[in-house]
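Here's the structure we're looking at; comments come further down.
Every chain is numbered from 1, with letters handed out A, B, ... down the list of sequences.
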2 protein chains.
Amino acid sequence: MQRTEKQKVALSSETEEKLMKAAQNAFIKYGLEGARMQEIADEAGISKSMLHYYFAKKEKLFELIMRKAVLDVFANLRKILEENDSVMSKIHRLSHEYLDYLHEHPYLPLFVLHESHKDPAAFKNDFLPPAETAFTTRFVAQIEEEIKTGKIRPVDPYVLFAQIMSVCVFPVAAQPVLQGIMNLSADQYKMLLKQTQQQMPAFFERILNW
Amino acid sequence: MQRTEKQKVALSSETEEKLMKAAQNAFIKYGLEGARMQEIADEAGISKSMLHYYFAKKEKLFELIMRKAVLDVFANLRKILEENDSVMSKIHRLSHEYLDYLHEHPYLPLFVLHESHKDPAAFKNDFLPPAETAFTTRFVAQIEEEIKTGKIRPVDPYVLFAQIMSVCVFPVAAQPVLQGIMNLSADQYKMLLKQTQQQMPAFFERILNW
DNA sequence: GTCTATAATTTGATAGAC
DNA sequence: GTCTATCAAATTATAGAC
């Protein structure tokens, strides 16, 4: 009666990759409601019915994409913040590795943020389990520790973390608007992002160094 | 044959206000496709058909809301950046006035950003006319001027502007996610925003002062 | 101007042949 | 497994009485 749920049917890894890519593109650009199953199917080179064959519901597919997006965004961040480095070293690594990653996936952060606004509590519950986000608490603790030992100047550690995130994510996520109001070409904006990447550590050094 | 388009029919200003508020809430939270006309009508206390009586198409209503949102977000920014003040004075005023405004309308920036991602070129064309955004170019020029005269340290003016925007907007816009990953309560996050507001000028003073 | 009832359309989901 | 054709549901849009 209650058959075992077999969410994922076997499908060639090539097709799966194309499908996930197509779904990600559609959902990231248009959101859950704005994305069209037909478009996803077309872009993946399969029929619409195949989509329903593999993923019973649009919502399930969306959930999968969102989970992957959240995981990706935070896995890259976590990797750096959990290293055995000083705060300033981590900021340096963020400016290189994390920003490189974000530049390759510029739409991911906004996608996550947009969805989180619909129902923040539910979002946290579904996609931000405490175990996955504990690394931030540890990083904040590290900041407090370095302040206590006088390694860096005293600042509110939460504020510092929020500012690091802001300076990393916002220039990438807000590209269309920032580029628009600054009247820059796509190439000029790309250069601005490179500049931001280079200057970021120096900025935080000035804030944190005595 | 071609009757004059009378986009807006007379309607009591009280009803209009409730309607705009309802539409704004719905669109901001769920986006163009996610928002439901029924919900907007309900929240405004009118029937769904009245919505179509006043605004022929959902898209028209959305356009109105978006135009208002963009105007609001930039009018507040522009007001400060066009004053006859020094760069640092403007940063101080941003931290007070602009952040106060953003704290009262935390969802506006992300709404604008989300929509801009669907079709950046069209978005710029429809909602970011050069005349409305020229103030940023003037601000960038002012930064260059103050660098030339040695009033502030040399930095890339575009990068500086992007960073100012980042630090202002992102902590507000990303609240659900940042609050989630930092494991803070709503009240705790509100305090963090207040702290950010206070520390922001000092942050940029350290970057810009010799 | 405002409503209820209904049409039209869009789009997600399924049936059934191959 | 994959497709075409079709259904069902949701939602925008309109007609017509009052």
Side-chain angles (χ1 to χ4, degrees), chain A residues 1-66 111 114-115 118-119, chain B residues 2-66 114-115 118-119:
Chain A
M1 201 156 270
Q2 188 96 314
R3 76 174 175 82
T4 315
E5 277 223 24
K6 200 175 175 184
Q7 199 45 249
K8 206 163 170 190
V9 190
L11 76 176
S12 89
S13 63
E14 192 199 347
T15 304
E16 176 169 3
E17 199 175 336
K18 271 202 290 184
L19 186 57
M20 295 300 264
K21 195 90 185 171
Q24 206 176 47
N25 285 342
F27 282 131
I28 283 176
K29 212 167 176 183
Y30 301 107
L32 170 56
E33 300 87 354
R36 297 293 160 235
M37 294 295 265
Q38 184 66 65
E39 198 179 316
I40 294 173
D42 289 351
E43 200 181 319
I46 60 173
S47 72
K48 197 172 50 164
S49 22
M50 276 291 92
L51 226 58
H52 284 96
Y53 180 72
Y54 292 129
F55 306 94
K57 304 274 177 191
K58 184 189 191 185
E59 216 182 19
K60 283 284 167 199
L61 179 57
F62 178 80
E63 210 180 295
L64 208 70
I65 299 294
M66 175 58 78
F111 170 57
H114 175 69
E115 209 54 30
K118 291 183 191 168
D119 188 341
Chain B
Q2 187 96 312
R3 76 173 176 81
T4 314
E5 275 223 25
K6 199 174 173 184
Q7 198 46 248
K8 205 162 169 191
V9 191
L11 75 176
S12 89
S13 63
E14 192 197 347
T15 304
E16 176 169 3
E17 200 176 335
K18 270 202 290 185
L19 185 57
M20 294 300 264
K21 194 90 185 171
Q24 208 177 47
N25 285 342
F27 282 132
I28 283 176
K29 212 167 175 183
Y30 300 107
L32 169 56
E33 299 87 353
R36 298 292 160 237
M37 294 295 264
Q38 185 66 65
E39 198 179 316
I40 294 173
D42 289 351
E43 199 181 318
I46 60 173
S47 72
K48 196 173 49 164
S49 21
M50 275 291 94
L51 225 58
H52 285 95
Y53 180 73
Y54 292 130
F55 306 94
K57 303 273 177 194
K58 184 189 189 183
E59 217 182 17
K60 283 283 167 199
L61 179 56
F62 178 80
E63 211 179 295
L64 208 70
I65 299 294
M66 176 56 78
H114 175 69
E115 209 53 29
K118 292 182 190 168
D119 188 341

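Counting only heavy atoms from C-beta outward, the side chains of B/M20 and B/L64 approach each other to under 4.5 Å.
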Tabulated below should be each protein N or O lying under 3.5 Å from an N or O of nucleotides 16-18 of chain D; please produce it.
none

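Not a single side-chain hydrogen bond (donor to acceptor under 3.5 Å, both in side chains) links B/K57 to another residue, sequence neighbours left out. With sequence neighbours excluded, no residue forms a side-chain hydrogen bond (donor to acceptor under 3.5 Å, both in side chains) with B/E39. Scored by the salt bridge (charged side-chain N to carboxylate O under 4.0 Å, His left out) test, B/E63 finds B/R67 as partners (sequence neighbours excluded). With sequence neighbours left out, the side-chain contact (heavy atoms from CB on, under 4.5 Å) criterion links A/S47 to A/S49, A/M50. In terms of the ring-ring contact (aromatic ring centres under 6.0 Å, His included) criterion, residue partners of B/F62 (sequence neighbours excluded) are, by chain and number, B/F27, B/F111. Listed by chain and residue number, A/A121, A/A122 satisfy the side-chain contact (heavy atoms from CB on, under 4.5 Å) test with A/D119 (two or more places apart in sequence, or in another chain).
Straight-line distance from the NZ atom of A/K57 to the C1' atom of D/dA8: 11 Å, rounded to whole Å. Spacing between atom CZ of A/F55 and atom P of C/dT14 amounts to 15 Å, rounded to whole angstrom units. Between B/L51 atom CG and C/dG1 atom C1' there is a gap of 14 Å when expressed in whole angstrom units. Rounded to an integer number of Å, the gap from CG of B/L61 to C1' of D/dA13 is 14 Å. When the C1' atom of D/dT2 is taken as reference, atom NE2 of A/H52 falls 15 Å away, rounded to whole Å. For the pair A/E33 CD and D/dT11 P, the computed distance is 9 Å after rounding to whole Å. Note: CZ (A/F62) to C1' (C/dG12) measures 16 Å, nearest angstrom. D/dG1 atom P lies 13 Å from atom CD of A/E16, rounded to whole Å.
Contact record, A/I65 with A/A23: CD1-CB, 3.8 Å, taken as the closest heavy-atom pair. Heavy atoms only, all atoms of each residue included: A/L51 and A/A41 are closest at CD2-N, 4.3 Å.
The side chain of B/K58 lies closest to D/dA13, out of C/dG12, C/dT2, D/dA13. Minimum atom distance to the side chain of B/R36 is reached by D/dT12, of the listed C/dA13, C/dG12, D/dT12.
A heavy-atom distance below 4.0 Å to DNA chain C is reached by these residues of residues 37-50 of chain A, ordered by number: A/M37, A/K48, A/S49. Heavy-atom distances under 4.0 Å link DNA chain C to no residue of residues 23-32 of chain B.
Note on A/Y53: every side-chain N or O is 4.0 Å or more away from OP1 and OP2 of C/dA13.
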Donor-acceptor pairs are to be reported for all side-chain atoms of residues 30-38 of chain B against protein atoms at under 3.5 Å, with residues two or more places apart or in another chain.
residue: B/E33; atom: OE1; partner: B/K118; partner atom: NZ; Å: 3.1
residue: B/E33; atom: OE2; partner: B/K118; partner atom: NZ; Å: 3.2
residue: B/R36; atom: NH1; partner: B/E33; partner atom: O; Å: 3.0
residue: B/R36; atom: NH2; partner: B/E33; partner atom: O; Å: 3.4
residue: B/Q38; atom: NE2; partner: B/D42; partner atom: OD1; Å: 3.0

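The CE atom of A/M66 sits 8.5 Å away from the CD1 atom of A/I28 when rounded to the nearest 0.5 Å.
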